[in-house]
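Since we're looking at a predicted model, the values are computed, not measured.
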Amino acid sequence: MEAVHEHDHSHDRPSGIMRWVTTTNHKDIGTMYLWFSFTMFMVGGVMALIIRSELFQPGLQIVQPEFFNQMTTLHGLIMVFGAIMPAFVGFANWQIPMMIGAPDMAFPRMNNWSFWLLPPAGSLLILSMFVPGGSAGVGWTMYAPLTIQQGMGMDLVIFAVHILGMSSIMGSINIVTTILNMRAPGMTMMKMPLFVWTWLITAYLLIAAMPVLAGAVTMTLTDRHFGTHFFNAAGGGDPVLFQHIFWFFGHPEVYIIAIPAFGVVSQVIPAFARKPLFGYASMVYATASIAILSFLVWAHHMYTVGMPVEAQLYYMFATMLIAVPTGVKVFNWVATMWKGSMTFETPMLFAIGFLFLFTLGGFTGLVLALTPVDVQLHDTYYVVAHFHYVMVAGALFSAFAGVYYWLPKWIGKMYDETLGKWHFWLSIIFFNVTFFVQHFLGLAGMPRRIPDYSLQFADFNMISSIGAFGFGLSQLLFLYILIKAIRSGEKAPEKPWDGADTLEWTHLPTPAPYHSFETPPTVK
Amino acid sequence: MTYSQTDQREKRNMKTGIVLATIAAIFFIGFFLRRLLF
């Protein structure tokens, strides 16, 4: 414990709200990221429930079609940019400095700015509903030329995406610099915990992908207001160009969300299997391979725009190639558990839930990679089912695993294990009730992003809507568990998880002090 | 963490930060130039 400073410098920190506004401490900023993300998760969740309420029965009952389209758009944007990405940046802020033995992030002031850009951006997305014409009803993919025809809500969405992009780019620069320059003596690259490796790779993806999205929405903005014709066929532009640029960002974005989730699971599974991670080096190489391949497959999202068959074949095979490194990771996680001395506390349950359901989502991704199949399934509920298996059962379950795993280190108190297990089982059951049936709807031909549907889709839609409300209510239990742990949780032992062997568990007290590793530890 | 410690750390890391920001800027501008010039 010699790495911990005796006094916590509380004299140089303002109190009250100004502490949070002015803080440059990675733990404070991580906490703010996580709460912001949970708030946006609730807002995006309410939008999902509005969507599922309308789809409970065929016909138009609750909302106007235009508002329904705005809900699908905002739900997607808020969940991707406001909930999942900030959640993992929150983990990165809390954990990376502690896991590599650094005192804080490389650019603490920029870190503060990265976070404080998020609330205005999130507010813009929400406020866009209240301007004349409402928000953008274009889908989170913001395809031209529909974006050119929208009201001023579209401009607010574009501005929000710009701000969110700036925040992500600054956050990524901070993370890469911290990992490259601030590791403790002896912490070589191949000794870094896998969570740190996955974030290093993700941050590079963000630095290359987010500016491309910023470029795409800037061109949309100039097309709308400044007389350019990037995407307007009438002026010599090309709407399909938008799709190419968007998905050059959009496919890496999938891995920007998934790879940190892999990182969390790669910490949790060894800790509860009480064995070192199987195939550490192959995990690093597999993650890097996935990241590189993610930039080479973007047009598999657009098989139906009319591309040459040679291009379709290339994108099909390149996409299927991603299954190889992903398979390496899945087998490594399973091999880590093999003959391990396993226990099934809540973090491990969510990690195993992730393993099962993310693999299923990856498998339906492989189905969609097949061009002839995708031509049938494009824009159906099969796609909706597929990416919710990846985003919810993949990324969100991994984030839950991470919160339960690190919460004792963050607050020094334990969560209620019984309630945590209830949260897991309710989530996994209602998740599958909501989304498994959507595979059947998609196979039967139900298109996505519609407020009304043919009668033959009624039964599965009703089941899906019931599941969605169950899943949503289960997340209120998560909020209750968090508040209960923070207010009256039992004191956490120094190291509540036997198999946890990273620096934050072995070299720091629980809860982690406000300033840690001001004198770097030596890693052997 | 004092102001001067933060200053020193930011200065030490500035080169890496600028290189990464330049990469981001190239990806942002690159697509514009590609469309505007060719």
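In this structure, A:Phe295 places its CZ atom where more than 12 heavy-atom neighbours from other residues, nucleotides or ligands lie under 6.0 Å away. By the neighbour-count criterion of 12 heavy atoms within 6.0 Å, atom CH2 of A:Trp116 is densely surrounded, having more than that number from other residues, nucleotides or ligands.
Two residues are said to be in side-chain contact when any heavy atoms from C-beta on lie closer than 4.5 Å; A:Thr177 and B:Arg9 fail this criterion. Residues A:Pro108 and B:Glu10 form a side-chain contact, since some pair of their non-hydrogen atoms from C-beta on lies under 4.5 Å apart.
The OG1 atom of B:Thr6 sits 11.5 Å away from atom CG of A:Asn111, with the distance rounded to the nearest 0.5 Å. For the atom pair A:Leu206 CG and B:Leu20 CG, the distance stands at 12.0 Å (nearest 0.5 Å). To the nearest 0.5 Å, atom OG1 of residue B:Thr22 and atom CD1 of residue A:Ile207 are 10.5 Å apart.
Judged purely by atom type and a 3.5 angstrom limit, B:Arg12 has no side-chain atom pairing as donor or acceptor with the backbone of A:Ala106.
Looking at A:Met105, the atoms closer than 4.5 Å to chain B (heavy atoms on both sides) all sit in the backbone: N, CA, C or O.
Side-chain contact, B:Thr16 with A:Asn181: a donor N or O sits under 3.5 Å from an acceptor N or O.
A:Phe248 and B:Phe27 have parallel rings, their planes meeting at less than 30° on a 0 to 90° scale where 60° marks the start of perpendicular.
Across all non-hydrogen atoms, the minimal contact from B:Asn13 to A:Phe107 is O-CZ, 3.2 Å. The two residues B:Ala24 and A:Ile169 come nearest to each other via the heavy atoms CB-CG2, 3.9 Å.
Highest contact tally toward chain B, considering only A:Ala214, A:Ala216, A:Ala208, A:Ala209, is held by A:Ala208 [criterion: heavy-atom pairs under 4.5 Å].
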